[in-house]
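So that the names make sense, note that chain A is the first sequence line, chain B the second, and so on, each numbered from 1. Computed over heavy atoms, backbone and side chain alike; hydrogens, waters and symmetry mates excluded.
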There are 2 protein chains.
Amino acid sequence: MKKSVTIKDVAAYTGLSVGTVSMALNGSERIAQKTKKYVAMAADELGFRKNPFARSLSTKKSRIIGCIVPDITNQFYGEMVGHLQKELVERDYGLIVGFANEDRNQEARLISQFIDRGVDGIISVPVTDTKHDISQIRTLYEDSFPIVFISAYYKDIPYYTVMADLEDGMYQITASFLKKGYKNMAFVFGDLNLIPSSERLNGVKRAYAAAGIEFDPSNIFQASGVTYLAGYSTVVNYTGHNKPDVIFAINDIMAMGIISALRAKGMRIPEDIKVAGFDDISNAAFLETPLTTVSQSIELMCRETVTLLLNRLEGKNTFSGIKKIQTTVIIRESAY
Amino acid sequence: MKKSVTIKDVAAYTGLSVGTVSMALNGSERIAQKTKKYVAMAADELGFRKNPFARSLSTKKSRIIGCIVPDITNQFYGEMVGHLQKELVERDYGLIVGFANEDRNQEARLISQFIDRGVDGIISVPVTDTKHDISQIRTLYEDSFPIVFISAYYKDIPYYTVMADLEDGMYQITASFLKKGYKNMAFVFGDLNLIPSSERLNGVKRAYAAAGIEFDPSNIFQASGVTYLAGYSTVVNYTGHNKPDVIFAINDIMAMGIISALRAKGMRIPEDIKVAGFDDISNAAFLETPLTTVSQSIELMCRETVTLLLNRLEGKNTFSGIKKIQTTVIIRESAY
DNA sequence: ACATTGAGTTGAAACGGTTCAATTTTACGA
DNA sequence: TCGTAAAATTGAACCGTTTCAACTCAATGT
């Protein structure tokens with residue numbers, strides 16, 4: 001590491017004062033055009049780079065956003081992080097990441113680490129498990145620390161959230177299958193206390209109610225998680241007698257696990273049994289049996305989330321509730 | 001945002017000097033035990049949090065590491081980022097991420113952004129495409145900026161790299177199939193100029209040579225990328241007449257795409273054709289047809305990489321060449 | 001010729017820590 | 001009780017920016 005060129009060196013080189021150089025570099029109105037150009041050239045010539053720490057110390061801004069997702073191995077969250085990063089980089093922000101493994105304590109630790117690192121704001125996929133202590137989040141909210149939620153929210157803190165309209169998505173897809181005449185449908189969700197499950201379930205119930213059909217709660221299966229393996233295991237460990245017409249998984253990854261296990265049992269998809277996912281991850285269309293699913297536009301969600309957060313950072317006043325993003329049912333071969 | 005408590009407040013509260021408080025909080029040897037305890041309590045009571053910018057300005061360290069991977073959507077890199085994050089967090093470092101999309105220019109931009117953000121070091125999966133300008137990397141190397149490479153390296157800059165022993169892995173798996181009597185094997189790789197492809201190819205050739213069998217280069221297929229879709233398309237678009245006994249994909253994701261396309265063409269795996277991947281991503285074992293593959297221990301690679309980087313940061317002198325991590329062939333149903 | 005205005009620039013005070021030479025306090029042996 | 005060495009603490013310099021009140025200076029109107 002060669003010793004670094006500071007703004008002082010640029011000032012000395014140009015014969016201007018440090019303040020002028022600083023303002024020139026920041027494009028201040030009060031500096032003459034030609035001075036700005038001159039300073040820019042000199043800075044370039046000397047290879048000057050702003051020291052981010054000094055800048056941050058003075059401005060109290062780091063232009064770094066912290067982001068917490070449950071599990072980066074899940075392609076859905078992979079795509080989410082990818083889009084968030086893209087949106088942020090475009091606006092000259094950096095993204096620092098953490099993975100909470102669906103554990104509220106880890107999420108809490110990450111949040112406080114991020115704050116200690118001086119992030120300007122946080123985007124989190126909250127761990128909405130109701131069993132856990134949420135006071136940290138409440139305090140942040142009360143201090144109006146810029147944290148926004150994506151893809152879920154805390155029941156008690158339904159603010160600054162961007163998520164897909166899960167209930168409506170599930171309503172649509174359930175209704176469409178009810179209309180086709182299928183009634184015996186199984187729903188493999190994760191922990192039903194979590195918002196993402198309970199919202200979907202509401203959609204399901206609403207669809208049955210709208211169709212005037214009674215909903216049998218024994219068709220809800222609570223898997224050990226929302227992963228490929230959880231889907232796989234749920235099918236493998238199922239000892240019941242009921243063979244549903246359609247199985248709905250809480251997400252595509254889980255649907256893939258379910259399909260895999262069903263096939264291993266010798267069933268054909270969609271002939272013997274239909275399977276639908278949720279999310280429309282990028283290769284859902286290219287699976288051996290292209291997957292019927294409900295698309296949440298991750299890209300749109302991420303863009304809205306970043307916009308919401310940055311608007312808050314800039315002090316613009318923003319929508320503070322739960323913004324729901326429209327979903328779309330996509331019928332593919334796995335459940336024609 | 002309530003106004004923050006500074007070290008000065010703690011000093012005033014305890015009646016000690018700022019210097020003492022700072023050293024006490026940093027656990028300096030020169031401060032009396034009881035003073036440290038006293039200061040810690042006071043700091044706690046006042047809710048003092050160190051300002052990271054001031055700290056960094058003074059120490060010239062941010063405890064943030066930048067990490068660049070080609071594509072976060074690929075589960076292999078998802079797992080990689082997950083492990084890197086875990087290793088770093090354990091050592092109280094933060095991880096800031098960027099995605100290069102296999103594009104050297106994007107990588108370059110990210111690297112310089114990271115440096116401007118004041119990262120202490122960089123971990124990159126390099127885009128080893130030889131067509132592109134690599135002078136930035138060379139300069140970094142010459143300035144001995146702490147950058148380490150994972151999973152690949154630049155041909156001209158074979159330093160500070162941790163990667164799986166791709167050549168040996170491919171040698172092993174190829175040899176094992178040659179031994180079983182299969183000779184007509186196809187290899188679907190990405191751009192052959194890239195290290196990850198060329199190393200594997202060397203392994204293949206070495207295995208054929210060792211078995212005394214001539215290798216037919218027309219069995220190498222260069223796909224348009226290394227994604228699920230690239231694998232899928234390669235099979236779909238194949239118009240040749242040759243039906244190989246075994247298809248080796250450059251990675252598991254691609255193997256999945258290949259299997260999917262083969263099945264769509266009515267072939268049975270492994271009866272009609274065998275398929276093997278590479279990486280052993282976490283659900284490779286749970287696919288409909290569990291996947292034969294070569295396991296690279298991502299976790300071990302990540303740990304070695306982080307250790308290497310942090311040792312460099314601490315000025316310890318470290319191994320500076322290419323550290324190869326042992327791979328393991330895993331035979332599963334897709335290619336019994 | 002002279003006040004007035006406004007554009008452009010300066011200089012010093014933050015920002016909140018770390019570091020270390022200098023100084024003070026403490027502990028111990030004679 | 002005193003002298004001295006070791007331990008603990010102090011205080012000021014420093015890190016590299018931003019910010020803004022005060023200042024300079026040229027242009028303008030009268």
Side-chain angles (χ1 to χ4, degrees), chain A residues 1-40 42-43 46-64 92 115-120 313-314, chain B residues 1-40 42-44 46-64 92 115-120 314:
Chain A
M1 292 288 82
K2 44 188 76 151
K3 76 142 68 53
S4 50
V5 180
T6 76
I7 208 170
K8 250 183 220 157
D9 300 319
V10 180
Y13 185 79
T14 54
L16 292 162
S17 76
V18 166
T20 306
V21 172
S22 172
M23 295 171 89
L25 257 16
N26 291 328
S28 158
E29 295 294 301
R30 309 178 4 183
I31 302 293
Q33 275 306 323
K34 61 183 197 121
T35 309
K36 288 189 203 167
K37 288 218 178 83
Y38 178 41
V39 169
L46 296 177
F48 168 75
R49 322 245 61 183
K50 266 194 196 137
N51 178 314
F53 311 136
R55 185 185 192 9
S56 291
L57 176 57
S58 190
T59 59
K60 303 181 179 317
K61 300 260 166 286
S62 61
R63 298 196 79 83
I64 293 184
D92 193 30
I115 293 178
D116 284 350
R117 285 233 145 67
V119 298
D120 289 348
L313 292 185
E314 288 162 13
Chain B
M1 293 285 85
K2 47 190 69 154
K3 77 140 72 48
S4 50
V5 181
T6 76
I7 206 169
K8 248 182 222 157
D9 300 320
V10 180
Y13 185 79
T14 55
L16 292 162
S17 76
V18 167
T20 306
V21 172
S22 172
M23 296 171 89
L25 289 171
N26 291 328
S28 159
E29 295 293 301
R30 310 177 5 181
I31 301 294
Q33 275 306 324
K34 62 182 195 121
T35 308
K36 287 188 203 169
K37 287 220 178 81
Y38 177 42
V39 169
D44 199 52
L46 296 177
F48 169 73
R49 322 245 62 183
K50 266 194 195 135
N51 179 313
F53 311 135
R55 184 185 190 16
S56 290
L57 176 57
S58 189
T59 60
K60 303 183 180 317
K61 300 262 165 285
S62 60
R63 296 196 81 81
I64 293 183
D92 192 31
I115 293 179
D116 283 349
R117 286 232 145 68
V119 298
D120 290 347
E314 288 162 13

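The salt bridge (charged side-chain N to carboxylate O under 4.0 Å, His left out) pairs that include a residue from residues 46-55 of chain B are A:Asp116-B:Arg49, where partners are two or more places apart or lie in different chains.
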| Quick one: what's the B/S/- string for nucleotides 15-26 of chain D, heavy-atom cutoff under 4.0 Å, read 5' to 3'? | BBBBBBB-----
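To the nearest 0.5 Å, the span separating CG on A:Leu25 from NZ on A:Lys36 amounts to 11.0 Å. Here the CG-CZ distance, from A:Asp9 to A:Phe48, works out to 9.0 Å after rounding to the nearest 0.5 Å. Atom CG of A:Leu57 and atom CG of B:Asn51 lie 6.0 Å apart (nearest 0.5 Å).
A donor-acceptor pair under 3.5 Å is absent between the side-chain atoms of B:Ser56 and the main chain of A:Phe53, judged by distance alone.
If you walk DNA chain C from 5' to 3' and mark each nucleotide with an atom closer than 4.0 Å to a heavy atom of chain A, the marks span C:dG8 to C:dG16.
Among the heavy atoms of the strands lying under 4.0 Å from A:Thr35 are primed sugar atoms or P, OP1, OP2 only; no base atom is included.
Of all non-hydrogen atoms in B:Ser62 and A:Arg117, the two that sit nearest each other are O-NE, 4.3 Å. Across all their heavy atoms, A:Val21 and A:Leu16 have their closest contact at CG2-CB, 4.2 Å.
With A:Thr20 as the fixed residue, the side-chain contact (heavy atoms from CB on, under 4.5 Å) test singles out one of A:Val10, A:Val39, A:Ile31: A:Ile31.
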